[in-house]
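Shown next, in structure tokens, is the structure this report addresses.
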Amino acid sequence: MAIYFDSENQIFTLESDHTSYQMKADDKGFLLHLYYGKKISGAMDYLLSYYDRGFSGSPAGVMDRTYSMDVLPQEYPTAGTGDFRRCALVVKNGDGSESCDLRYVSHEIRKGKYGLKGLPAVYASCEEAETLEILLEDQASRVQVKLLYGVLEKEDIITRSALISNQGEGRVIIEKAASVCLDYLTGDYDLISFCGRHMMERIPRRVQIGYGNYTVGSRRGASSHQYNPAVIVARPDTTEEAGGCCGMMFVYSGNFLCEAEKDQFNLTRVVMGLGGEGFHYPLEQGEELAVPESVLAYSGQGFGELSNLFHRCIREHICRGKYSREIRPVLINSWEMAYFDFDGDTICGLAKEASGLGIDMVVMDDGWFGKRDDDNSGLGDWRVNEKKLGCTLKELTEKVNEMGMKFGIWIEPEMISRDSDLYREHPDWAMQIPGREPGLARNQLVLDFTRTEVREHVFEQICRMLDQGKIDYIKWDMNRSLSDVFSANMPDRDSQGKVVYEYVLGVYDFLEKLIRRYPDILIEGCCGGGGRFDAGMLYYTPQIWCSDNTDALDRVRIQYGTSFFYPASAVGSHVSAVPNHQTGRNISLHTRGVVAMAGTFGYELDPGKLTEEEKQQVKDQVIEYKRHAELISRGYYYRLSNPLRDVCGAWMFVSKDGSRALVSVVMLENHGNMPVTYVKLKGLKADALYEEAGSKKRFYGSALMEAGIVLPVERGEYLSYQMEFHMVAENG
Ligand code: GLA
């Protein structure tokens, strides 16, 4: 059992193998947060202190000057009840007031994990999970909140979500709705968020949570390149290997808001969910808003362990479909080789070269449809441009298949070019505000995916295309942020504030239909690379193109940040040509291979331009990757250095039983008279004896972990090393 209710003290305890989460519905009906962290025993309400504190008044009906919502730790704090900190819920009532006084009504504990209609969520079998549902209500407005908690005991995962409904008579507007609020009564904390920009996503940024407020979020319609919807709350001394930390991952691909603050009495609060400018969700009587869920995990042993908890949760309880558990094909993508300049022969030529190299699949990227010879036109016209290809899609896929290669294709269903037949027919389908000229990005507009008829039209076109040949893979792209947000689909003015949320639900609805109709097609998500790299998308697409930046040096850093929450099986990573198209840097083919092998491996270059020697190297890389694919996509993952600070980037994969390991190191710096670089390994069995495959040298696990491996001092830029270790004796 993972969920307990102590009826005498009204205390709820959620327990996983190594963690406890506790809350209490007190005698006033408020749901107070008591604890989340390493497993503990007993009731934690002894932590609560009550005394009269100036300017922190009492809530309605409480004639006790020592009781204030302004200081108590809470599960789901609301605005308007005298808690002046960041809150989880803001409700604007029919009369324009902002107040919602939620009190405990009832609860239910059941087997299995709750689901969320129309939204991605962690899934688990009845034996693997339990659900707690707590009903709270504001008597005056009859706004009800069902707090949902899922506990995956063995996985050390707790999920939280909220269903907000209006049981009253008039309309209310939800201005903010979080799925999680975590209050820490004591201690100092840091917040680690993953910030960046297009082509440089998810760079970890650690700040002290101080007085005032620290906010990250997205208002771009996608979870964004700029701030990832996943953060870590850590003790100041927490490192990769030691210390307490809690990860909070929002399973959602649209706008989000994450706020952290330390209050006047040093309580730390972190809130994650929907909110911020542009979000207003009207609820009529009987209507409900489902807040996307947040996944929580706690590690008492640093970030390394925390990451592995999230990796396993994503791989086994978020990603779905046959590919979530299968090794993905090694692919070659046409984009950086040809951009828009290709025909059917180019793709066949690419497939032919690639098949000789052991690659499994060719992907025809942007440019195969409508009028699309550059990025100024054609989006929305998902008809194969047979004139450009010089053949039908069926013929092309057949030719590719005859070479023993799988075939993949690029689409960008959410978008529309003004220069397209779709726009000429349905200009009103593009999101734009009446009476205003819409802003363009990449010369394109966004389709109003809140509208069923729009989604259906695009879906039909895309299915018609997919049904023409044997398609094994889709790259689903999204190449601009949402501005000029407006939908003719909305019944009234207030409802414009829910357009972005409904848009994301529209995208999910489309994806759900697509994966149901084509369960054998592997879908890779993409948003100008990693602009929508989140657990929400991973529910539909088990891998995501990590970044439009394929430079191996930058990728070491981007993939480092990405690895804190997301497993290597989710990270699309390719070897591209040099000089690199984004940075102009020249990095050896070997190092480019080592870096790309930390994800779902592939190529993005013209193999015809490779020398014979390079071709042999690629062949060897593909063999090498396939040999390690299981370990890379399912093994434990450890960061061995911080490439933002250290002279090298280093990481390793370890098999579940600790008998095999693959270590990768990329030198980021090289200097005259260079000191020796040592890298300490992790996750091995201390007493076991390991053999390094290349040198046949033997080392004890303890030595490799305590003192490390020794790297050669060599001349050259961005040299890299890959070492494979096998256990030769468990107790050497
Ligand atoms: C985005 C993707 C690229 C490529 C182009 C095509 O930028 O991230 O990989 O598919 O679009 O237009």
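Both counts, for ligands and for their atoms, begin at 1 and track the order of listing.
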- At a 4.0 angstrom heavy-atom cut-off, what protein residues surround ligand 1?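 W335, D365, D366, W410, R442, K475, D477, N479, C526, G528, G529, W545, D548.
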- Item | Over-ring placement of R328 relative to Y323, 6.0 Å and 45° cut-offs |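 Verdict for Y323: no cation-pi partner in R328.
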- Query: Regarding R202 and the six-membered ring of F564, is the cationic atom NZ or CZ under 6.0 Å from the ring centre and inside 45° of its axis?
  - Reply: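 No, a cation-pi geometry is absent between R202 and F564.
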- Please check if the distance between the ring centroids of F194 and H225 is under 6.0 Å.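 Not close enough - the centres of the two rings lie 6.0 Å or further apart.
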- Message: Salt bridge check, E604 against R592: does any charged N sit closer than 4.0 Å to a carboxylate O?
- Response: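 E604 and R592: not salt-bridged.
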- Apply the side chain to side chain contact (heavy atoms under 4.5 Å, CB included) test between D554 and each candidate in Q582, R585, M199; give the one that qualifies.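 It is R585; the other options fail the test.
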- Query: According to the salt bridge (charged side-chain N to carboxylate O under 4.0 Å, His left out) rule, which pairs have a member within residues 530-543, sequence neighbours left out?
  - Reply: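 For residues 530-543, and leaving out neighbouring residues, the salt bridge (charged side-chain N to carboxylate O under 4.0 Å, His left out) pairs sorted by first residue read E414-R532.
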